[in-house]
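To keep things clear, I will list the structure first and then write my remarks on it.
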Amino acid sequence: MESSDEKRLKSLIAQGEHQQQDFKFEISDTRKIARTFSAFSNTDGGRLLVGVKDNGRITGIRSDEEYYMVESAAALYCKPEVHFETRNFSVEGKVVLQVHIPRATKRPVFAKDEENRWMAYVRVGDENSLANIIQLQIWKEEHKAMGRLLEFTRKEQILLNTIERNPGTSLSQLQKDTGFRRDELVPLMTKLVRFDVVEMTYSGGAGGFSLRERPGE
């Protein structure tokens with residue numbers, strides 16, 4: 001008869017990897033774990049199951065060293081430090097470490113990369129993607145009140161027309177197509193995204209922009 005631990009763990013594994021869940025066979029690189037912490041913290045929160053292969057096979061953790069590397073990733077390789085909760089699942093003589101990371105109340109949370117740069121990530125599906133400059137600006141402004149009305153100037157209309165012709169277009173391509181300077185393009189696009197006129201999309205780790213669909217369209 002299965003224990004409650006077995007039932008709960010198998011139920012989680014059956015979900016597969018998704019926006020709020022990631023599997024790790026082992027922890028051998030604290031920077032990679034910090035990247036996942038950053039992505040979960042900056043998006044919807046999530047859980048990391050250590051001792052589970054990508055295909056869902058339970059292998060178990062090797063030792064307490066796994067936990068200490070999680071601590072190191074959260075404290076030394078994330079800025080600000082990520083606070084997490086852990087739980088051990090014991091199944092068939094193996095231990096799986098669950099690490100729960102809540103959504104950050106103040107974003108972004110950065111992770112230190114291999115070149116010691118602080119980078120911010122978002123979780124899209126089962127992948128961690130580098131946050132673009134528009135996302136960083138949105139986080140910077142997310143606690144600021146927005147005006148009640150969005151007034152479309154000629155520049156906003158040019159951007160919307162360009163995006164409508166090329167859904168999923170990148171910021172660099174927008175800059176080429178419109179001829180806008182970077183310092184004027186970023187605040188314009190930030191405003192359009194914040195007012196839910198434009199949505200950011202991520203595909204293959206790259207960010208793009210499309211018009212947001214309206215009900216009935």
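Not measured: the values here are computed from a predicted model.
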Candidate pair Val96 and Asn88, rule side-chain contact (heavy atoms from CB on, under 4.5 Å), full reasoning: CA-CA 6 Å; Val96 171; Asn88 286 343; over 6 Å; no
Under the criterion side-chain contact (heavy atoms from CB on, under 4.5 Å), I'd like the reasoning laid out for Leu171 against Asn132: C-alpha separation, chi angles, the key distance, then a yes or no. CA-CA 9 Å; Leu171 192 67; Asn132 60 38; over 6 Å; no
Show your working on side-chain contact (heavy atoms from CB on, under 4.5 Å) between Leu12 and Gln98 and close with a plain yes or no. CA-CA 10 Å; Leu12 293 176; Gln98 173 184 279; 3.5 Å; yes
Could you give me the CA-CA distance, side-chain angles and deciding distance for Lys79 and Lys112, then say whether side-chain contact (heavy atoms from CB on, under 4.5 Å) is met? CA-CA 8 Å; Lys79 184 173 70 173; Lys112 186 182 287 188; over 6 Å; no
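Considering only heavy atoms from C-beta on, Asn55 stays 4.5 Å or farther from Phe25 through its side chain. In this structure, the side chains of Phe84 and Glu71 come closer than 4.5 Å at one or more pairs of heavy atoms. Residues Asp22 and Arg123 form a side-chain contact, since some pair of their non-hydrogen atoms from C-beta on lies under 4.5 Å apart. Counting only heavy atoms from C-beta outward, the side chains of Arg87 and Asp5 approach each other to under 4.5 Å. A heavy-atom distance below 4.5 Å is found between the side chains of Leu48 and Ile33. With contacts defined as side-chain heavy-atom distances shorter than 4.5 Å, the pair Val198/Leu160 qualifies. You'll find the side chain of Asp177 stays beyond 4.5 Å of the side chain of Arg165, heavy atoms only. Side chains of Met189 and Phe180 form no contact here, defined as non-hydrogen atoms less than 4.5 Å apart.
Ser129 places no side-chain N or O within donor-acceptor distance of the main-chain N or O of Val122, the cut-off being under 3.5 Å. Thr162 places a side-chain N or O within donor-acceptor distance of the main-chain N or O of Ile158, the cut-off being under 3.5 Å. Side chain of Glu184 to main chain of Arg181: a donor-acceptor pair is present (N/O by atom type, distance under 3.5 Å, no hydrogens or angles). Not one N or O on the side chain of Arg35 forms a donor-acceptor pair closer than 3.5 Å with the backbone of Met119. Not a single donor-acceptor pair under 3.5 Å links the side chain of Ser38 to the backbone N or O of Ala34.
Taking both residues in full, the closest heavy atoms of Val82 and Ile101 are given as CG1-CG2, 3.8 Å, listed atom of the first, atom of the second, then distance. Summarising the geometry of Thr43 relative to Arg107, their closest heavy-atom pair is O-NH1, 3.9 Å, with the distance given to 0.1 Å. The nearest pair of heavy atoms linking Glu199 to Leu211 is OE2-O, 4.2 Å. Considering every non-hydrogen atom in both His143 and Thr105, the closest pair reads NE2-O, 3.6 Å. For Ala120 against Asn42, the heavy-atom pair with the smallest separation is CB-ND2, 4.1 Å. Pairing each heavy atom of Met69 with each of Asp29, the nearest pair is CE-N, 4.0 Å.
Under a hydrophobic clustering in which Ile, Leu, Val, Met, Phe, Trp and Tyr are joined whenever their side-chain heavy atoms come within less than 4.5 Å, directly or via other members, Phe40 and Leu76 fall into different clusters. Residue Val95 is not grouped with residue Leu9 when hydrophobic side chains (ILVMFWY) are merged at heavy-atom distances under 4.5 angstrom, including chains of intermediate members. Two different hydrophobic clusters hold Tyr67 and Val91 under the rule that ILVMFWY side chains link at heavy-atom gaps under 4.5 Å. No continuous path of ILVMFWY side-chain contacts below 4.5 Å connects Phe110 to Tyr77, so the two sit in separate hydrophobic clusters. Hydrophobic clustering (ILVMFWY, side-chain heavy atoms < 4.5 Å, transitive): Leu49 and Val99 are in distinct clusters.
Surrounding NZ of Lys94 are more than 12 heavy atoms belonging to other residues, nucleotides or ligands, all under 6.0 Å away. Atom CZ of Arg182 is surrounded by more than 12 heavy atoms from other residues, nucleotides or ligands within 6.0 Å. The local environment of OH in Tyr68 is sparse, with at most 12 non-hydrogen atoms from other residues, nucleotides or ligands closer than 6.0 Å. Residue-environment remark: NZ (Lys176) stays at or below the threshold of 12 foreign heavy atoms within 6.0 Å. In the displayed structure, Gln15 atom CD is contacted under 6.0 Å by more than 12 heavy atoms of other residues, nucleotides or ligands.
The residues Arg31 and Glu114 are annotated as not salt-bridged, no charged nitrogen and carboxylate oxygen being separated by less than 4.0 angstrom. A salt bridge links Glu156 to Lys191: one of the charged nitrogens lies within less than 4.0 Å of a carboxylate oxygen.
Considering CE of Met200 and CD1 of Ile138, their distance stands at 4.0 Å, rounded to 0.5 Å. Note that the CD atom of Gln21 and the CZ atom of Arg47 stand 5.0 Å from one another [nearest 0.5 Å]. Note that the CZ atom of Phe23 and the OG1 atom of Thr59 stand 11.5 Å from one another [nearest 0.5 Å]. If you take CG on Asn161 and CG on Asn166, they are separated by 11.0 Å, rounding to the nearest 0.5 Å. The CD atom of Glu6 lies 8.0 Å from the CD1 atom of Ile58; values are rounded to the nearest 0.5 Å. A distance of 10.5 Å separates CZ of Phe37 from OG1 of Thr30, quoted to the nearest 0.5 Å.
Side-chain N/O atoms of Asp44 and Gln19 include a donor and acceptor closer than 3.5 Å.
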